[in-house]
Amino acid sequence: MKKSLRDFFTFPFRLLFSRFTFAIIALFVQICCLALIVFLFQKYIIYFIGGIGVLNILLVISIINRNLNADFKTSWIILILLLPPFGAMFYLFCQNDLGSLIIKKRLKIRKEKNKEFLPQDKDVLNKLKKENIREYAHATYLNQVGHFPVYRSENVKYFPLADNWYPDLLEKLEQAKDYIFIEIFILAPGKMWENILNILKKKVQQGVEVRVLYDGTCSLALLPRNYPEKLKELGIKCKIFNPIVPVIKTSYNNRDHRKIIVIDGQIAYTGGSNIADEYINQKERFGHWKDTMISITGSSVNSLVVLFLEMWNLSETKDIENYEFYKRKHEDSGECFIIPFGDDPFDNEPIGKQTYLHILETAKEKVDIIMPYFVVDGDFLGTFLHTAKKGVKIRLILPGIPDKKFVNYVAKTYYKDMLETGIEIYEYKNGFTHAKMMLADNEKALIGTINLDYRSFFLHFEDGVYLYKVKEIEKMNEDFEQTLLKCQRITFKEFAKYSKLKLLIGKVLRLFGPLL
């Protein structure tokens with residue numbers, strides 16, 4: 001299958017700004033500089049080597065004692081020891097990058113304000129405590145570390161394909177009266193965006209406030225750099241999160257991977273779909289595109305309102321605007337529980353990962369997962385395999401036609417361990433699974449933007465919705481079963497057919513998984 005023009009242009013930029021590329025560049029520069037140093041300072045070279053050795057030892061000791069994921073520690077230590085002195089210099093640069101420090105400081109201030117805007121209803125929390133003590137404990141965790149309250153709500157609608165979600169979105173956009181917030185990772189020209197934009201232009205003329213926030217990677221090949229100004233001319237407020245400029249910054253690794261659309265504080269959407277034609281199968285890139293979305297209504301929408309405004313105001317140095325103006329009061333009821341939440345890379349608290357682990361650790365009979373990627377750390381893998389060893393049936397669906405071949409090579413290096421513990425692996429024959437969804441025991445689910453990989457766990461801004469005893473989980477389970485019918489099960493026999501060279505490449509890349 002031929003790659004699109006977009007793939008042709010974006011792949012070099014993704015490769016250029018990856019930490020793996022920085023490491024390769026450091027290796028090349030190291031060879032040149034060391035040769036120059038040896039030539040110019042032959043008499044002092046022994047002192048230089050000794051100094052670098054001492055620095056490396058100090059950094060390794062520092063890394064070992066840091067509150068850092070074990071796989072990240074391993075990758076950094078390997079990099080520092082293999083590439084002296086530039087491994088050390090690169091590490092110090094990454095830990096002290098000004099752009100990251102500024103974002104971290106502003107985000108801390110914004111998140112402290114969230115306590116005021118998202119108070120927890122104690123009655124709801126106590127109701128959950130009586131219902132299930134372990135679910136209460138996880139809800140308390142999400143509220144303590146992220147200030148995300150749990151709501152009593154049945155107001156959830158599941159969309160098994162972005163193709164199904166898109167018409168519903170257009171309909172609700174047409175009904176907007178007060179405001180429309182759109183936060184998206186990928187915003188690409190095409191039929192999908194054209195139809196949305198036509199409605200947004202009309203709504204602006206009707207007095208509706210419209211804000212659009214998209215990630216800075218879109219400026220590389222999808223949209224012109226001055227696109228926010230073009231939208232502002234139409235009356236649409238627009239910002240780029242962390243725009244790409246010709247300066248090397250490690251903050252480029254921290255992308256806004258969230259997908260949040262809020263309309264009037266009455267309804268909100270999230271899930272895996274971006275705004276580009278391939279997501280609704282109006283354009284073929286990797287066969288059939290399987291994505292999932294949900295809508296929520298009621299008080300839980302307020303959490304996504306605050307998440308959007310938090311990111312929107314991250315670039316502001318002035319006082320935070322009044323979030324209460326955009327929140328809405330709702331009368332919630334029901335015996336179901338829902339927790340919309342966000343995750344960010346600067347608080348050393350991988351909320352998305354911990355929520356996936358919570359589902360695995362509390363599962364009794366089965367766990368069903370559909371994902372585009374599987375590149376996880378040892379901590380997650382250990383729990384994943386242990387859950388299967390306890391007798392819990394785990395079924396994992398991954399793409400049959402991957403969008404990132406080298407990442408897929410890494411995913412396949414986990415297959416042997418999974419098969420040996422009885423985990424069922426399936427590959428979507430028709431194309432690419434971009435959905436991010438985990439279901440357990442017909443009573444709990446997590447759906448959102450969080451992939452099972454290092455980037456989603458530790459580097460990106462993400463969002464998700466945790467559901468407990470929500471009736472719509474039944475439809476999510478039904479869709480999973482229907483999707484299985486379009487998959488090929490991977491057995492030991494099938495696994496043995498995989499290219500040994502590709503598996504070797506995957507194993508080598510897995511060593512540097514946290515830095516990719």
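Values below: every heavy atom of this structure, side chains too, minus hydrogens, waters and symmetry copies.
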Under-4.0 Å salt bridge between [X] and [Y]:
X	Y	answer
K172	D168	yes
D215	R255	yes
D479	K290	yes
K327	E324	yes
E481	R395	yes
E209	K237	yes
D178	R328	yes
E194	K191	no
R211	E183	no
R152	D121	no
K469	E135	no

Checking the side chain of [X] only, and the main-chain atoms of [Y] only, is there a donor and an acceptor separated by less than 3.5 Å?
X	Y	answer
S456	L452	no
R510	V375	no
T297	Q266	no

Parallel, tilted or perpendicular, as decided by the 30° and 60° cut-offs, for the rings of [Y] and [X]:
X	Y	value
F380	Y356	perpendicular
H460	F185	tilted
F432	H434	tilted
Y466	H138	perpendicular
F286	W289	tilted
Y269	F159	tilted

* Could you give me the CA-CA distance, side-chain angles and deciding distance for K471 and E154, then say whether side chain to side chain contact (heavy atoms under 4.5 Å, CB included) is met? => CA-CA 7 Å; K471 290 181 181 179; E154 184 61 67; 3.3 Å; yes
I want to know whether [X] and [Y] have ring centres closer than 6.0 Å.
X	Y	answer
F461	F241	yes
H358	Y141	no
Y454	F457	no
F325	Y179	no
F181	Y326	yes

Between the side chains of [X] and [Y], does any donor sit under 3.5 Å from an acceptor?
X	Y	value
N302	Y151	no
Q205	K202	no
T362	R134	no
N242	N254	no
N274	Y279	yes

Any [X] side-chain heavy atom under 4.5 Å of [Y] side chain:
X	Y	value
D343	T449	no
V301	I267	no
R455	Y373	no
L142	T355	yes

For residues [X] and [Y], report the shortest heavy-atom separation together with the two atoms involved.
X	Y	answer
I186	A276	CG2-CB, 4.4 Å
G352	I450	CA-CD1, 3.7 Å
V465	L467	CG1-CD2, 3.6 Å

Kindly compute the distance separating [atom1] ([X]) from [atom2] ([Y]), expressed to the nearest 0.5 Å.
X	Y	atom1	atom2	answer
K436	I370	NZ	CD1	10.0 Å
L396	F384	CG	CZ	5.0 Å
I447	L439	CD1	CG	8.5 Å

* N408 and side-chain hydrogen bond (donor to acceptor under 3.5 Å, both in side chains): which partner among K405, K412, K404? -> K412
* side chain to side chain donor-acceptor pair (under 3.5 Å) between D368 and N477, intermediate numbers included -> CA-CA 8 Å; D368 292 329; N477 284 322; over 6 Å; no
* More than 12 heavy atoms from other groups under 6.0 Å of NZ on K366 -> yes
